[in-house]
Each structure stands twice: as structure tokens, then as C-alpha cells.
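Quick note: residue numbers are just sequence positions, from 1.
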Amino acid sequence: SSSSLRDGINMLRNQIQTLFTPTQQDAKLQDAEQQDAEQQDARQQDTKQQDAKQQGAKQQDAKDGDGDGDGDGDGDGDGLPPAILVDLLEARCRTLIKAAYSKTYVTRDEKTKKDLTDAIECGRKSVNLQQKRMKRNHPQTQTQIQTDKTHDEKDTAGLDDADVDADVDAKRHCPSEDSLRSLACRESLGRAIALTAQHQGLINHYNMDDEWEEGARILSSCVEEWRRRCQGYLEDLKKQRAQCSQETASSAADSAEDDARNVANAADSKEQASSASSTTGGGEAKSLTHDQHFAAHFAAQSLIHDQDFVALQSGLAVATAGLAELYYCEASVDLMYSARAAYRKGERSLELFHKAINLMQEVARDQTTECTEMMKDIGKVYGFMLRFSGDPQYARNASKWLQRSLQNQVKLRGMNHPNTRNIHRLLGRQRFDDEEDEDDDDDDDGDDHENHGFDEHDAY
């Protein structure tokens, strides 16, 4: 019986120990509760950080005035730095337009329609966002910055702060990064409007007068701004050189006075006079050499080697070519209604293209991709003008410019580039397997393809 009592006591002791000893499951529950507490603390910390970030964004928006809550000041709520967003939008617009210009035909397909719509949207967004940036970053020029609808040739937007300096410095006419960005956005938008208006006018026969006017206004304002900068640069450069010449003349006069003084002091003796005379001759030779040095310096400092001026004149040429392309696009649509109006626009396009190419040639930029595209376009316009006249000079000029463009294009981008294929098509050469661009719709009534080139058998 004592053994049974002992066993019962031991059993009871074990049961009591089991009741008060934590099990593995209890340990897991404790760990889970601890993890939940840590996660809750982390969430609270994240919430505090987000609240602080939003508060900072609201404070920034109060300064920016756009109220989108992302604190970048561009009003779109994406959080990207505005300058980067502007560059991305402008690049997208420019890429879509270049792809469209590399084709020979205006097509009815949905992809082209979508690309043109996207190009217009990106172009307008880039212009609007850049105008906001200019107003915010350059408040002193806020009254000069206008919307697309109020831009005219008197517009002075984009002139930099250095323009108010009293010192003569030609470099003050060079556009800043913001000014270049603004010009690029407006030029891309103007070209997008021109190509879209041509597409809608030829395919859907819409009245695009408002679009032509808007595109011409935007591109003309760009041309005018580049022209003002080029003229201002040249005028200041002339003033700088005149000042330098005056300083040179003054230096030569001082040198001559010193030589004369030496001669007078040496006149006490014949030997000294003879020596002084020889010294005077040396002084005159020195002065002449000094003048010749500066004359040679200015002669060698040709505008072709002035990189700032080359950039300014190249910018003017590209903007002028954009305006010329708009007149050609408008002429191609006008041909359906008025041959006289189309001819007049075509002549205006040729005039502007010649100016643009001459500007590029003056600064030795005629071997660039930009000038190569201008040569292609002027050849295309000359071919278009064959519709109004049988003058063989139009045909010769068309062939001449397209051949020059093709030569440059192959050298710069090779035989398989889309622009090279386009020039071959404009020349009437079928060296590539691109019959699908022209022959897939032989059974159509001609409405699905509108010719950009000068093949008289492909009517608009």
C-alpha cells in the first residue's frame, strides 16, 4: 500500500508539472504575438514617414501652385523630375514624327493614326510642362512666356538672364538648357501638327485650317527666336572685335610714342642718334608685327570655327526646315481643292528649304543627318512641283537633291536605314524588298495610300 501511495504522489506531481510547464505550441503563440507587435510598430513607422513625405509634398505644392500632391511641381502627379519628364515627352514626340517622315506614303492604317495622336499628345504635354518650369524657374520672364495660341513673331520667351547684362558678350545670346528644351518642345509639336494635319486632310478630307495656322505660328516663333539670337550674337561679336581693335590701335600708338621719346633722348650725339634711329625702325617693325598678329587672329577666327555661332545657325536652319515642311504638307492637301494655292505653298516651301540648306552650308554642316534630311525634303518638293509644270528643271533639281541626300544618307546611316529606303523610293528605285509598302494594295481604289513623293501616277 505504501508503494501504491508513492506511485500516486509521483503521478500527481508529474501532472502538476505538466500544467505549469509551457508547451511548444505556447512558445509559437508567443513568437507570433511578438512578430505581430513588431510588424505593427513597423507599419506605424511607415505611416509616419508617408505622412511626413505627403506633408513635405503639400508644402512644395503650395510653392509650385500645381496641387498634384507629388511635390515635383509639374502638375501630373507622377513624381518624376519635371525636366526629365519634359525630355521624355519631347523625345517620344520627335521619334514618332521621324518614323512617320521616313515613309513615302500617307496610310490609313490604325497604327499611323495612333502614332500621330500620341505624338500630338506628347508634344502638347511637353510644351505645357516646360512653360510651367520656365515660369517657376525664371519669374522675371513670366510676362514674356506665352501659350501656343498667343505665340507670335514678337515673342521674346527663352531669352536668358544674361541678356540684361551691360557688358558686350556675344555668348549671352546662346540659349540656356531651359531655352533649348523649350525650343525643342515647340519645334517637335509644330512638326507633329503639320504631319497630323496632312494625314487628316488627305485621308479624311477634314478642314485643317486651324491646325495649319497653329503649326505655322509655333514654328515661325521658333525661327524668329533663333534668328534674333544669331543676329544678336553677330552684332555683339562685331562690337567685341571693334573694342579689341581699338585696344590694339591704342597699344600701337603708345609704342610709337615710346619710340619717339627714345629718339629725342638719343639726339645729343650723332652716334646715339644713329643708334636711336635704328631703334625707332625696330619699334615700328614691332608695332606693325603686333597689328598683323591681331589681324591674322581675327581672320583665322572664322565663324565656321565658332562653335557657339555654328550651334545657333544650325538651330535656325533646322527650325526653318520644319516650317518649310509644314508648307509642303499644306500644299499637298491644297492640291485637292486649289492648284494655285498648292503651287504657292510649294514655292514657299522650296524657298525656305533653300534658306535652311544654305545656312547649314555656311557653317560647314551640310554633311550632317539634319542637312541630309533637308536635301531629301527639297528633292521631294521639287518632284511635287512637277505636277504644275513640265519644266525639266524641276525634275533635274529633284534628282540632284535626292542623289546628294542619298549619298550622305548611305555614308551616315548605311543602306538599310528606313530613310535610305525612302530616298530610293522617291528616286523610283526598287532595290529593296519593300514592295509591301506600295504593291500590297494594287486592287484598292487608291484611297489607302497618299504619295509624299513625285510619281505622277500616284494621285492624291
* To do: Using salt bridge (Lys or Arg N to Asp or Glu O under 4.0 Å) as the criterion, list what pairs up with R404, not counting sequence neighbours.
  =>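 R404 satisfies salt bridge (Lys or Arg N to Asp or Glu O under 4.0 Å) with no residue once adjacent residues are dropped.
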[X] vs [Y] side-chain heavy atoms within contact, under 4.5 Å:
X: S182; Y: S179; result: no
X: H173; Y: R228; result: no
X: P175; Y: R229; result: yes
X: L326; Y: R191; result: no
X: L189; Y: I193; result: yes
X: K380; Y: E325; result: yes
X: L88; Y: R92; result: no
X: R94; Y: I97; result: no

* Asked: Looking only at atom types and distance, does a side-chain atom of T196 sit under 3.5 Å from a main-chain N or O of A192, one as donor and one as acceptor?
  ->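 Yes, the answer is positive, given that a donor and an acceptor are paired below the 3.5 Å cut-off.
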So, [X] versus [Y]: side-chain donor-acceptor pair below 3.5 Å or not?
X: T369; Y: T372; result: no
X: R186; Y: S221; result: yes
X: Q313; Y: E362; result: yes
X: Q231; Y: W226; result: no
X: R133; Y: Q130; result: yes

* Asked: Between M360 and S314, is a side-chain contact (heavy atoms from CB on, under 4.5 Å) present by the stated rule, with each step listed?
  -> CA-CA 6 Å; M360 296 293 275; S314 298; 4.2 Å; yes
* When you look at CD of E177, are more than 12 heavy atoms from neighbouring residues, nucleotides or ligands closer to it than 6.0 Å? ->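 No, not enclosed.
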* **Over 12 foreign heavy atoms within 6.0 Å of CZ, R365** =>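 Counting neighbours around CZ of R365, 12 or fewer heavy atoms of other residues, nucleotides or ligands fall under 6.0 Å, so no.
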* List in chain and number order the residues that pass ring-ring contact (aromatic ring centres under 6.0 Å, His included) with Y206, two or more places apart in sequence or in another chain; answer none if no residue qualifies. =>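 Not a single residue meets the ring-ring contact (aromatic ring centres under 6.0 Å, His included) criterion with Y206.
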* R124 and E214 ion-paired at < 4.0 Å ->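 E214 and R124: salt-bridged.
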* Hey, is E235 close enough to K238 for a salt bridge, meaning N to O under 4.0 Å? ->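 Looking at K238 together with E235, the answer is no, because their closest N to O distance does not fall below 4.0 Å.
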Identify each donor-acceptor pair in which a side-chain atom of residues 347-358 lies under 3.5 Å from a protein atom, sequence neighbours left out, and give them as a table.
from, atom 1, to, atom 2, distance (Å)
E347, OE2, Y343, OH, 3.4
E347, OE2, Y394, OH, 3.0
R348, NH1, E351, OE1, 3.3
R348, NH1, E351, OE2, 3.4
S349, OG, A324, O, 2.8
H354, NE2, Y382, OH, 2.8
N358, ND2, H354, O, 3.1

* Gap between atom CG of L335 and atom CZ of R340 - 0.5 Å precision ->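 One gets 14.0 Å once the value is rounded to the nearest 0.5 Å.
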